[in-house]
Trainee: 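The structure's right below; bear with me while I get my questions together.
Naming convention: chains lettered A, B, ... in sequence-line order (proteins, then strands); numbering from 1 in each chain.
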Amino acid sequence: MTEIVRKILAEALGAMGIPVPERIEVEVPRDEALGDLSTPIAMSLSKQLRKPPKNIAQEIIANIRERGDFEKIEVAGPGFINFTLKKDSLYRSLSGFLREGDGLLSRKDIGKGRKILLEFVSANPTGPLHLGHGRGAALGAALANLLSAAGFSVIKEYYINDAGRQVGLLGESVFAKYQELLGKSYPFPEDGYRGAYVEDIAKKIALDETDRYKGLEFTPPQSDFFREYSCGQMLALIKADLEAFGVTFDTWQSEKELYERKPDEPESEVEKTIRYLREKGYTKTEEGATWFKATEFGDEKDRVIIRSGGAYTYFASDIAYHKKKVDVGYDELINIWGADHHGYIPRVKAALEALGYEKERLKVLLVQLVSLLRGGKPVQMSKRAGEFITLKDVMEEVGADTTKFMFLTRKADSHLDFDLEVAKAASAENPVYYVQYAYARINSILRHAAEKGFIEPQAGTGAVDVDLSPLSEPEEQRLIKKILLYPAVFEAAVYAREPHRITFYLQELAGIFHPYYNKHRIVAEDNRLTLARLALSRAARIVLRDGLHVLGVAAPERM
RNA sequence: GCGCCUGUAGCUCAGUUGGAUAGAGCAACUGCCUUCUAAGCAGUGGGUCAGGGGUUCGAAUCCCUUCAGGCGCACCA
């Protein structure tokens with residue numbers, strides 16, 4: 001719908017000899033009495049042309065040739081150009097929309113098949129997922145759906161931090177528990193993990209491997225076994241939780257793998273990367289440690305990649321990881337990180353640049369932390385004592401769809417209070433049900449219509465021929481316009497990488513459909529009218545379904 | 001101390017990249033089920049857009065500053 005306006009405006013500007021801006025602003029006026037669409041372009045051009053906005057607006061209007069779709073084009077307020085579409089034009093557009101049918105919303109050309117690697121969650125496999133991970137998961141999954149639908153080729157990846165101190169600590173914690181179970185005492189590591197899951201894993205080992213490791217020290221080979229076994233168990237749990245949350249990944253990249261030499265390779269990915277940086281002169285040795293000269297690429301400090309003790313830092317493998325991503329040939333890398341990692345962005349971008357890639361290739365979306373409340377009071381969580389509420393707990397208490405919807409009605413970088421009582425108490429009144437209910441309701445209507453002998457128009461066949469002109473009620477006009485606006489909202493969401501725009505749109509759409517349903521009977525006495533209303537309902541259904549699918553929220557046939 | 005994020009209705013949050021008279025849900029109150037689903041609808045009340053300056057035709061949005069909250073500033077991950 002907005003495209004029509006953009007097009008005629010571009011033509012008019014061209015005819016006036018004015019350079020056409022890259023992106024002509026088109027918006028929906030606040031007050032529907034003002035028109036269907038509006039542009040402030042005359043005001044934007046005012047300074048450049050040194051003419052009053054209203055005069056420019058008049059001139060633009062005078063230069064619009066194709067005005068067949070419009071009832072009215074007029075100047076209003078300080079210089080807006082307002083467009084009111086002809087009903088015929090709306091019906092034509094809606095017919096076109098229906099003709100394309102489910103899943104054929106034409107938008108594949110936005111992404112043009114460009115390849116995106118989307119990395120998200122990537123929680124350490126040292127404990128269960130918490131709510132903050134859930135937020136990242138919901139956003140990542142929705143973003144992947146959004147971008148895929150827009151014609152990007154998206155790979156969802158989970159980076160597993162299975163190397164280094166943290167997993168070692170997990171292994172040792174399990175080891176200590178295991179010894180305790182077998183009646184041997186082994187000092188529990190100071191910063192060890194104390195959650196119940198540690199004991200669960202220890203029990204499983206005691207069961208599967210009996211007392212084979214009883215009384216031993218935490219040294220190889222048993223330390224390797226405990227570390228890898230525990231890590232594997234945690235990962236399985238994480239994977240299961242994510243699946244229950246409706247979030248899946250295409251690839252799981254192991255950090256440890258980046259340190260391993262493949263049979264036919266003389267060096268590991270990490271070694272290769274560091275050698276590359278060293279040869280380029282981007283490293284230095286100071287106080288026994290090897291540093292990456294991040295300051296040469298805009299970071300505020302140089303960063304250690306090999307400690308004086310010889311161990312690699314996390315950053316070393318992270319550079320190798322990002323090098324690998326970019327070498328594979330992705331056009332764009334998107335990382336979704338917790339906001340507590342924001343200080344990390346400049347150094348990763350610096351590394352990318354040192355490796356010869358533009359830092360713009362990487363886009364980091366920061367997800368703000370989630371404060372968990374119950375009845376307005378913060379839920380105390382102590383990781384040390386192993387007391388915390390996990391994503392799984394929240395899913396069981398509140399529900400996966402509601403939890404996801406909560407996350408997706410906020411932009412990523414807003415701080416979020418997640419009150420369990422509110423989420424649960426509002427459950428019946430929750431916006432997610434409002435949207436789902438609209439969808440279920442339409443399905444119910446269509447079922448009812450089928451029973452009454454009205455044949456639901458099928459895409460590519462009957463839909464084209466349905467006469468939509470009986471749709472003259474204001475509620476119907478409003479609904480049609482909202483539906484036709486979906487592609488523009490979708491595109492804006494893609495452009496901004498903000499799935500929450502879809503969430504709000506769906507609430508608005510449902511907020512138009514419900515009153516319409518309440519005021520007018522879809523399946524009525526009049527045959528022509530009923531067919532037209534069914535077609536309109538079906539169009540709303542298509543959009544609701546598509547939007548819910550993007551969000552990763554269920555679209556129930558009935559409720 | 002420095003950096004990043006946030007501050008919008010009682011609560012939780014949007015605000016179409018600077019546009020018209022700032023919106024939604026929840027909570028509160030009043031009505032609506034014999035008719036396609038009442039997880040719905042109709043209506044009422046609710047604002048110093050944290051404060052102050054600036055930029056311009058125009059600011060919740062951009063800049064400066066103050067205040068408040070969160071998060072970072074390792075040879076941790």
Side-chain angles (χ1 to χ4, degrees), chain A residues 2 23 25-31 34 38-40 43-44 46-47 52-53 76-80 82 124 126 161 163-167 191 255 286-291 300-301 303-309 311 313-315 318 338-346 366 368-369 371 376 406 409-411 413-419 422-423 425-434 436-438 440-449 451-452 485 488-489 492-493 495-496 500-501 503-505 507-508 510-511 513-519 521-524 530 533-534 537 558-559:
Chain A
T2 53
R23 192 181 157 75
E25 269 183 281
V26 177
E27 53 194 46
V28 177
R30 220 180 281 288
D31 184 351
L34 293 168
S38 176
T39 179
M43 292 180 283
S44 312
S46 173
K47 184 175 249 177
F80 288 99
N82 291 340
N124 278 349
T126 52
N161 297 120
R165 195 179 116 81
Q166 301 304 320
V167 282
D191 302 319
E255 180 190 7
E286 256 173 40
E287 297 163 41
T290 304
W291 302 65
E300 54 183 23
K301 286 179 189 167
R303 308 290 175 178
V304 171
I305 46 180
I306 306 175
R307 286 180 258 164
S308 52
T313 63
Y314 177 82
F315 186 41
D318 227 18
D340 52 340
H341 286 70
H342 75 259
Y344 209 76
I345 299 173
L366 291 178
Q368 277 297 337
L369 307 180
S371 324
M406 283 276 230
T409 41
R410 283 140 174 97
K411 57 179 188 227
D413 60 4
S414 66
H415 298 262
L416 165 57
D417 285 342
F418 194 104
D419 193 315
V422 171
S427 180
E429 305 290 324
N430 202 289
V432 70
Y433 296 109
Y434 187 76
Q436 287 181 323
Y437 190 57
R441 188 172 243 178
I442 292 172
N443 284 294
S444 173
I445 294 164
L446 296 179
R447 280 193 299 269
H448 176 79
E451 282 168 23
K452 289 270 182 182
L485 206 60
V489 173
Y495 177 73
H500 78 267
R501 295 180 188 229
T503 318
F504 280 89
Y505 170 84
Q507 292 186 68
E508 288 166 11
F513 183 78
H514 285 306
Y516 170 53
Y517 165 88
N518 212 264
K519 192 164 174 186
R521 283 197 66 81
I522 311 289
V523 180
T530 299
R533 288 183 170 173
L534 284 172
S537 302
R558 56 184 86 216
M559 284 172 75

Trainee: Check this for me: does the side-chain of T313(A) come within 3.5 Å of the base of rC75(B) through a donor and an acceptor?
Mentor: no
Trainee: What interatomic distance, in whole Å, is found between P of rA60(B) and the corresponding atom of rG54(B)?
Mentor: 15 Å
Trainee: Whole-Å distance between rU21(B) C1' and F80(A) CZ?
Mentor: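 Roughly 12 Å, once rounded to whole Å.
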Trainee: Under a 90° cut-off about 0 for the syn range, is rU21(B) syn or anti?
Mentor: anti
Trainee: Between atom CG of L485(A) and atom CD of E27(A), what is the distance when rounded to the nearest 0.5 Å?
Mentor: 11.5 Å
Trainee: Please give, in whole Å, the distance from rU61(B) C1' to D413(A) CG?
Mentor: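 Checked: the CG to C1' distance equals 14 Å.
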Trainee: Where the side chain of M43(A) is defined as all heavy atoms beyond and including C-beta, which of rG19(B), rU12(B), rC75(B) is the nearest nucleotide?
Mentor: rG19(B)
Trainee: At under 4.0 Å between heavy atoms, what does A496(A) touch on the DNA or RNA strands: base, sugar-phosphate, or nothing?
Mentor: base
Trainee: Suppose we define a pair by two distances each less than 3.5 Å, Watson-Crick or G-U wobble; what does rA9(B) pair with here?
Mentor: none
Trainee: Let me know, please, whether V28(A) or R303(A) comes out on the 5' side of the other along RNA chain B by nearest nucleotide.
Mentor: V28(A)
Trainee: Of R501(A) and H514(A), whose closest RNA chain B nucleotide lies nearer the 5' terminus?
Mentor: R501(A)
Trainee: Hey, does N82(A) reach any base, or is it just sugar-phosphate, or nothing, if we go heavy atoms under 4.0 Å?
Mentor: base
Trainee: Paired with rU35(B): which nucleotide, if any, by Watson-Crick or G-U wobble criteria at under 3.5 Å for both distances?
Mentor: none
Trainee: Taking only side-chain nitrogens and oxygens of Y437(A), does any of them come within less than 4.0 Å of OP1 or OP2 of rA39(B)?
Mentor: yes
Trainee: Taking 4.0 Å as the cut-off, does a side-chain nitrogen or oxygen of K519(A) come that near to OP1 or OP2 on rG40(B)?
Mentor: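 No, K519(A) has no side-chain N/O under 4.0 Å of OP1/OP2 on rG40(B).
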Trainee: Does H342(A) get its side chain close enough to the base of rG3(B), under 3.5 Å, for a donor-acceptor pair?
Mentor: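 Check passes, donor-acceptor contact within cut-off.
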Trainee: For L34(A) and F80(A): C-alpha separation, side-chain torsions, deciding distance, then whether side chain to side chain contact (heavy atoms under 4.5 Å, CB included) applies.
Mentor: CA-CA 10 Å; L34(A) 293 168; F80(A) 288 99; over 6 Å; no
Trainee: Return the nucleotide paired to rG47(B): Watson-Crick means purine N1 to pyrimidine N3 with N6-O4 or O6-N4, wobble means G-U with N1-O2 and O6-N3, both under 3.5 Å.
Mentor: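 For rG47(B), the partner nucleotide comes out as none, under the 3.5 Å rule.
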Trainee: What integer number of Å spans the C1' atoms of rC33(B) and rU17(B)?
Mentor: 45 Å
Trainee: Y505(A) OH to rG15(B) P: how many Å, rounded?
Mentor: 17 Å
Trainee: Checking contacts here: which listed nucleotide (rA42(B), rU12(B), rA38(B)) is nearest the side-chain heavy atoms of Y517(A)?
Mentor: rA38(B)
Trainee: Are any of the side-chain heavy atoms of Y314(A) and N161(A) separated by less than 4.5 Å?
Mentor: yes
Trainee: Ring centres within less than 5.5 Å and planes less than 30° apart: is that true of H341(A) and rA77(B) in this structure?
Mentor: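 Base of rA77(B): stacked against H341(A).
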Trainee: With both distances under 3.5 angstrom, what nucleotide forms a Watson-Crick or G-U wobble pair with rC4(B)?
Mentor: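 Paired with rC4(B), as far as the under-3.5 Å criterion goes, is rG70(B).
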Trainee: How many Å lie between OH on Y344(A) and P on rC76(B), as a whole number?
Mentor: 12 Å
Trainee: Base, sugar-phosphate alone, or nothing: which one does S44(A) contact when heavy atoms must sit under 4.0 Å apart?
Mentor: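 Base, at least one base atom sits under 4.0 Å.
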Trainee: Assign A339(A) to base, sugar-phosphate, or nothing according to its heavy-atom contacts below 4.0 angstrom with the strands shown.
Mentor: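 Here A339(A) touches the backbone only, sparing every base.
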Trainee: Rounding to an integer number of angstrom, what distance separates rG25(B) and rG19(B) when you compare their P atoms?
Mentor: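 It comes out at 23 Å once rounded to the nearest Å.
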Trainee: Strictly by Watson-Crick or wobble contacts shorter than 3.5 Å, is anything paired with rA42(B), and which nucleotide is it?
Mentor: rU30(B)
Trainee: Quick one: is S371(A) getting a side-chain N or O under 4.0 Å of the rG70(B) phosphate, OP1 or OP2?
Mentor: no
Trainee: Need the glycosidic conformation of rC57(B): syn if within 90° of 0, anti if not. Which one?
Mentor: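 It is anti.
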Trainee: Can you tell me the distance, in whole Å, between the NE2 atom of H415(A) and the P atom of rG72(B)?
Mentor: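 Atom NE2 in H415(A) sits about 12 Å away from atom P in rG72(B).
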Trainee: Please state the C1' separation for the pair rA38(B) and rC32(B) - nearest whole angstrom.
Mentor: 9 Å
Trainee: rG7(B) and rC13(B): how far apart are their C1' atoms, nearest whole angstrom?
Mentor: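 Going atom to atom, C1' in each nucleotide, I get 12 Å.
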Trainee: Please report, rounded to the nearest Å, how far the C1' atom of rG15(B) is from the NE2 atom of H500(A).
Mentor: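 The distance from NE2 of H500(A) to C1' of rG15(B) comes to 9 Å, rounded to the nearest Å.
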Trainee: Check whether any side-chain nitrogen or oxygen of R307(A) sits under 4.0 Å from OP1 or OP2 of rA74(B), and answer yes or no.
Mentor: no
Trainee: What distance, rounded to whole Å, do you find between the two C1' atoms, one in rG47(B) and one in rA22(B)?
Mentor: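 One C1' to the other, the span is 9 Å.
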Trainee: Kindly determine whether N124(A) and V167(A) satisfy side chain to side chain contact (heavy atoms under 4.5 Å, CB included), including the steps that lead there.
Mentor: CA-CA 8 Å; N124(A) 278 349; V167(A) 282; over 6 Å; no
Trainee: Using a 4.0 Å heavy-atom cut-off across all strands, classify Q436(A) as base, sugar-phosphate, or nothing.
Mentor: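 No contact at all - Q436(A) keeps every heavy atom at 4.0 Å or more from the nucleic acid.
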Trainee: Counting side-chain heavy atoms from CB outward, which of rG25(B), rU12(B), rU21(B) is closest to D31(A)?
Mentor: rU21(B)
Trainee: Quick one: the side chain of Q166(A) and the base of rC76(B), do they pair up donor-acceptor inside 3.5 Å?
Mentor: no
Trainee: Check the distance between rC75(B)'s C1' and W291(A)'s CH2 and give it to me in whole angstrom.
Mentor: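 Value for this atom pair: 7 Å.
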Trainee: Please state the P separation for the pair rU65(B) and rG3(B) - nearest whole angstrom.
Mentor: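 The same atom, P, in both gives a distance of 9 Å.
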Trainee: Out of rG40(B), rG19(B), rC36(B), which nucleotide sits closest to the side chain of I522(A)?
Mentor: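 So the side chain of I522(A) is nearest to rC36(B).
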Trainee: With a cut-off of less than 4.0 Å, is there a side-chain N or O of K411(A) near OP1 or OP2 of rU6(B)?
Mentor: no
Trainee: Using the P atom as the point on both nucleotides, what is the distance between rG10(B) and rU6(B), in whole Å?
Mentor: 22 Å
Trainee: Checking D318(A) against R303(A) for the salt bridge (charged side-chain N to carboxylate O under 4.0 Å, His left out) test, could you report, in this order, the C-alpha distance in whole Å, the side-chain angles of both residues, the deciding distance, and whether it holds?
Mentor: CA-CA 12 Å; D318(A) 227 18; R303(A) 308 290 175 178; over 6 Å; no
Trainee: Distance check, rounded to the nearest 0.5 Å: Y517(A) atom OH versus R533(A) atom CZ?
Mentor: 13.0 Å
Trainee: Kindly say if Y516(A) contacts the phosphate of rC41(B), meaning a side-chain N or O under 4.0 Å from OP1 or OP2.
Mentor: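 The answer is no; no side-chain N or O of Y516(A) sits under 4.0 Å from OP1 or OP2.
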Trainee: So what does L416(A) touch, heavy atoms closer than 4.0 Å: a base, only the sugar-phosphate, or nothing?
Mentor: sugar-phosphate
Trainee: Can you check the Y314(A) OH to rA74(B) P distance for me, whole Å?
Mentor: 17 Å
Trainee: Hey, could you give me the OH/CG distance between Y344(A) and L366(A), rounded to the nearest 0.5 Å?
Mentor: 14.0 Å
Trainee: Restricting to non-hydrogen atoms, name the atom on Q507(A) and the atom on T409(A) that form the minimum distance, rounded to 0.1 Å.
Mentor: NE2-CG2, 3.4 Å
Trainee: Are side-chain heavy atoms of Q368(A) and R410(A) found at a separation under 4.5 Å?
Mentor: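 No, too far: nothing below the 4.5 Å cut-off.
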